[in-house]
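For the numbers below, each heavy atom of this structure counts, side chains included, while hydrogens, waters and symmetry mates do not. Just so it is clear: chains get the letters A, B, ... in the order the sequence lines come, proteins before strands, and each one is counted from 1. Given the structure is predicted, the values throughout are model-derived calculations rather than measurements.
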There are 2 protein chains.
Amino acid sequence: MKEELAKEYIALIPNLFGSFSEVNKNATALSHMQNHVIEYLSMLQRPLNLKEISAGLDIAKQQLTNVVSDLEVHGYVVKKPDPKDKRAVLIALAPKGKEIQEKKWSEIYNRFTHNLSKLNDEEQRDLQFALHKVNVLLTKMEG
Amino acid sequence: MKEELAKEYIALIPNLFGSFSEVNKNATALSHMQNHVIEYLSMLQRPLNLKEISAGLDIAKQQLTNVVSDLEVHGYVVKKPDPKDKRAVLIALAPKGKEIQEKKWSEIYNRFTHNLSKLNDEEQRDLQFALHKVNVLLTKMEG
DNA sequence: TTATTTAGTAATAATATATTTACTAACATA
DNA sequence: TATGTTAGTAAATATATTATTACTAAATAA
């Protein structure tokens, strides 16, 4: 039943919300918008041009000019010309930008492994199997 | 192996990011902060006082006074005194606020069911089983 | 009871974000 | 080639968010 399946998917989102919330609770020197940009680059896992970021974050490209150039000045991202389109500029995470994200992930990681103790061994095995299955199938669905 | 398990959990987050991104791409008349508040109330699924929202969204309570009172004036939330603490005020989603969230969920729902066609019947059954398992176990872990 | 902490409000100034208009260079197409 | 479109930049203005300080009323602890 497709309906039941979609409901399980929808239910998954609030279940992960705690972790997402955690991701955004950071004590960096970056503004909200700057954090969104770095997070978006990190999630998509490839360099993006301003148009893509603009569309993905639903903000005007004019805003990004400043936001991204600030990020570049402070070493969080690097800009390089897009070989496929001489008008476009590709934005990629610099090591300093990746660090920020890795720090957030490690907090999520720690919280998760801590809570894991509330499950017994069998449940932990079940969870691993189920998570793996979900990841494989969701990836296939996106592609 | 706890490590592998945590990695699967971490991998799940970018897999759901597309849907989260979708949730935030709305054409409402609300500001970012107002949207965050409504989203947070919707995710936690119970009335919250300003302190809880403030802590959850990592913003100062002083900001919330205005944000929430605007939301109240426009009918997205309702405020009522907390019976357990006469200083506190509980904020709950009004029907108009719930509508906004339901519209977002329905977009996610539609996108998901559309992509589902990329999986065959067996994969769909597997996904449903795995999602259910993940939801049950993550809920148990949080509690 | 008295002292201290806490939830919420309020007002101000400093930053950040959003909107509008306009421009350049590169791209796409008739 | 001529025409219209697109990616990015720029600057000015309006609005939103953040930070700081201060206050009230209720809760809590000594």
Notebook entry, point to check: Heavy-atom distance under 4.5 Å between the side chains of B/Ile59 and B/His36, does that happen here?
Noted result: no
Next item on the list: Measure the shortest side-chain to side-chain distance between A/Asp82 and A/Val89 over non-hydrogen atoms and say whether it is less than 4.5 angstrom.
Entry: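 The answer is no, as the side chains (C-beta and beyond) never meet within the 4.5 Å cut-off.
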Note to self: Between B/Gln101 and B/Glu39, is the side chain to side chain contact (heavy atoms under 4.5 Å, CB included) condition met? List the steps.
What the structure shows: CA-CA 7 Å; B/Gln101 285 303 112; B/Glu39 193 170 298; 4.1 Å; yes
Next item on the list: Have a look at B/Tyr9 and tell me which of A/Leu116, A/Leu131, A/Asn135 forms a side-chain contact (heavy atoms from CB on, under 4.5 Å) with it.
Entry: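 Option passing the side-chain contact (heavy atoms from CB on, under 4.5 Å) with B/Tyr9: A/Leu131.
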Acceptor/donor pairs from residues 92-100 of chain A side chains to any protein atom, 3.5 angstrom cut, sequence neighbours excluded:
{"from": "A/Lys96", "atom 1": "NZ", "to": "A/His74", "atom 2": "O", "distance (Å)": "2.8"}

Item checked: C/dT5 phosphate, OP1 or OP2, under 4.0 Å from B/Lys51 side-chain N/O -> no
Between [N] atom [atom2] and [X] atom [atom1], what is the distance in whole Å?
{"X": "A/Glu52", "N": "D/dG8", "atom1": "CD", "atom2": "P", "value": "8 Å"}
{"X": "B/His36", "N": "D/dT17", "atom1": "NE2", "atom2": "C1'", "value": "11 Å"}
{"X": "B/Leu57", "N": "D/dT18", "atom1": "CG", "atom2": "C1'", "value": "14 Å"}
{"X": "A/Leu90", "N": "D/dA7", "atom1": "CG", "atom2": "P", "value": "13 Å"}
{"X": "B/Asn49", "N": "C/dT9", "atom1": "CG", "atom2": "C1'", "value": "14 Å"}

Margin query: Under 4.0 Å, counting only non-hydrogen atoms across every strand here, what does A/Asp82 touch: a base, just sugar-phosphate, or nothing?
Written below: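 Counting heavy atoms under 4.0 Å across all strands, no contact is made by A/Asp82.
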Next item on the list: Would you classify A/Asn66 as touching base, sugar-phosphate or nothing, given that sugar-phosphate means primed atoms plus P, OP1 and OP2, and contacts are heavy atoms under 4.0 Å?
Entry: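 No contact.
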Check: Do side-chain atoms of A/Glu52 reach the backbone of A/Asn49 as a donor and acceptor pair under 3.5 angstrom?
Finding: yes
Checklist line | Nearest listed nucleotide, side chain of B/Val89, among D/dG8, D/dT9, C/dG8 | finding: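 Ranking D/dG8, D/dT9, C/dG8 by closest atom to the B/Val89 side chain puts C/dG8 first.
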Check: Between A/Arg87 and A/Asp85, is the closest basic N to carboxylate O distance under 4.0 Å?
Finding: yes
Notebook entry, point to check: Which angle, rounded to 10°, do you find between the first-five-pair axis and the last-five-pair axis of the helix from C/dT1-D/dA30 to C/dA30-D/dT1?
Noted result: 50°
Check: Do A/Leu90 and A/Tyr40 sit in the same hydrophobic cluster, where Ile, Leu, Val, Met, Phe, Trp and Tyr count as joined when their side-chain heavy atoms come under 4.5 Å apart?
Finding: no
Margin query: Please determine whether the number of non-hydrogen atoms from other residues, nucleotides or ligands lying under 6.0 Å from atom NZ of B/Lys2 exceeds 12.
Written below: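 Counting neighbours around NZ of B/Lys2, more than 12 heavy atoms of other residues, nucleotides or ligands fall under 6.0 Å, so yes.
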Item checked: Nucleotide-resolved protein contact map, nucleotides 17-30 of chain C, B/S/- at heavy-atom distance under 4.0 Å -> SBBBB----BS---
